[in-house]
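Every heavy atom of this structure was used, including side-chain atoms; hydrogens, water molecules and symmetry mates were not. Just follow the structure's listing: the first ligand is 1, and inside any ligand the first atom is 1. Please read all numbers here as calculations on a predicted model, not as lab measurements.
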Amino acid sequence: MTEDVLCTFCGCLCDDLRVEVADGRVQKVRGACRLGASKIMGHDRIKTPMIREDGVLREATYDQACARAAQILLEAKRPVLYGWASTSCEADRKGILLAEEVGGVMDTTATVCHGPSILGIEEKGLAGATLGQVKNRADLIIFWGCNPAEAHPRHALRYSSNACGRFTPEGRSGRKVMVVDVRETRSAKNADKFLRLIPGTDYEVISAMRMILGGKADVVPETVAGLPKTQLVETVEIMKNARFGVIFFGLGMTHSRGRYKNVDNALSLVAELNAFTKFVVMAMRGHYNVAGIGQVMACASGYPMSVDYSRGAPYFNPGETTICDLLNRKEADAALVIAADPASNFPRSTVEALAEVPVIQIDPFENPTTLLADVVIPSAIAGVEAEGTAYRMDGMCLRLRKLVDSEFPSDEAILQRIIDNVRRLRA
Ligand code: SF4
């Protein structure tokens, strides 16, 4: 039994799993939620590299697939290299090197999830904390526009509402839990207080709370976005009187009307709450290393996502260098997709545009993007078959271990082979 194994599924990056390995295979996973266990056990693996010929994907060798991938990227005028959130930081670094080599645009899944949060944080700054601090100290936990009961199943038990910490030994009974959302989710059902928002009114509600907090409740109307002012006053009082409060926010806030301005406003609310008590805020990041690719890109280029390397120096302009915009404008003429599934979560017209360009897919698992890929390269699962580094949603850097040997090369090794081929073809 291997102890203290990390789960490479969601941004919680749980590091307390026990995994039984026998005959070179993972036999049992203990301590993980169903999402994590299913990934570690492995399912629907891509078995061999494939290249599309005459409309059909045919088996190929790694050498052939990497050479074809390099050729596609070199022939393209505006290649996009997309994904990077479910692989290691070491593979992310190789991706940046490849983007520089081919003059491509490097974009991440954050562009369609917490991208607005990153922009809001860059604009405003962040009163942050680690999940350990939340576990040990928080007595008020607010989930805003997120549903951890279903998206991050062990978040409550390990880090937030139900966790027992050094200064929170009573766990759930010693904490107050609030949910702000547009519908009554499972997380909302478990909360002490639920504020139901009209969709797209986050900005108004946060602004009203800031007015109340600033002593200007008299100018706030009797109802704000369908919520009675009395309820907002009561909520702000609870926040002011907390010993240590935290707002966890999700895509409900970042993808409703207002987008990064909602986040900017929420960060301002939290900053102002610190005049009364200790309050922090954190984005509920989805993929296990989506925080890591942001760190690696910011370190390498100064920008957290959507970086264009075609000018010889990094250039970042969301709306221009984001993958959906490049595809919608029919500017992108090739795509490398790694550890992501844009065919499942991009808008339909964008998926149609993606299907018109040559696509290279690097992934351990088959997914709808495989159906439109021209080159498919299977890889090892990071944290199970390959080691590496990943960043948890709170920015903690953790080491992924290799548990079993694999016939598949790591993402990092595959990217290096493509880089070698690019250099060879250009020589
Ligand atoms: S909560 Fe997330 S990181 Fe933890 S076991 Fe479940 S999927 Fe894995």
Worksheet item: When you look at I293 and H287, which way does the side-chain contact (heavy atoms from CB on, under 4.5 Å) test go after all the steps?
Response: CA-CA 10 Å; I293 176 63; H287 300 294; over 6 Å; no
Worksheet item: Which count of protein N, O or S atoms is obtained for distances strictly below 2.8 Å from atom 6 (Fe) of ligand 1?
Response: 1
Response to the item:
ring-ring contact (aromatic ring centres under 6.0 Å, His included) filter on F249, not counting sequence neighbours, yields H114
Worksheet entry | NZ/NE/NH1/NH2 to OD/OE distance under 4.0 Å, D63 and R417 | yes
Fill in: S187 and N147 side chains, donor-acceptor separation under 3.5 Å
yes
Item to complete: Look at the aromatic rings of H155 and F248 and report parallel, tilted or perpendicular, splitting at 30° and 60°.
Response: perpendicular
Practice prompt. Measure L13 to ligand 1 on non-hydrogen atoms and call it side chain, backbone, both or neither using the 4.0 Å cut-off.
Written response: backbone
Worksheet item: Do D264 and K261 meet the salt-bridge criterion of a basic N to acidic O distance under 4.0 Å?
Response: yes
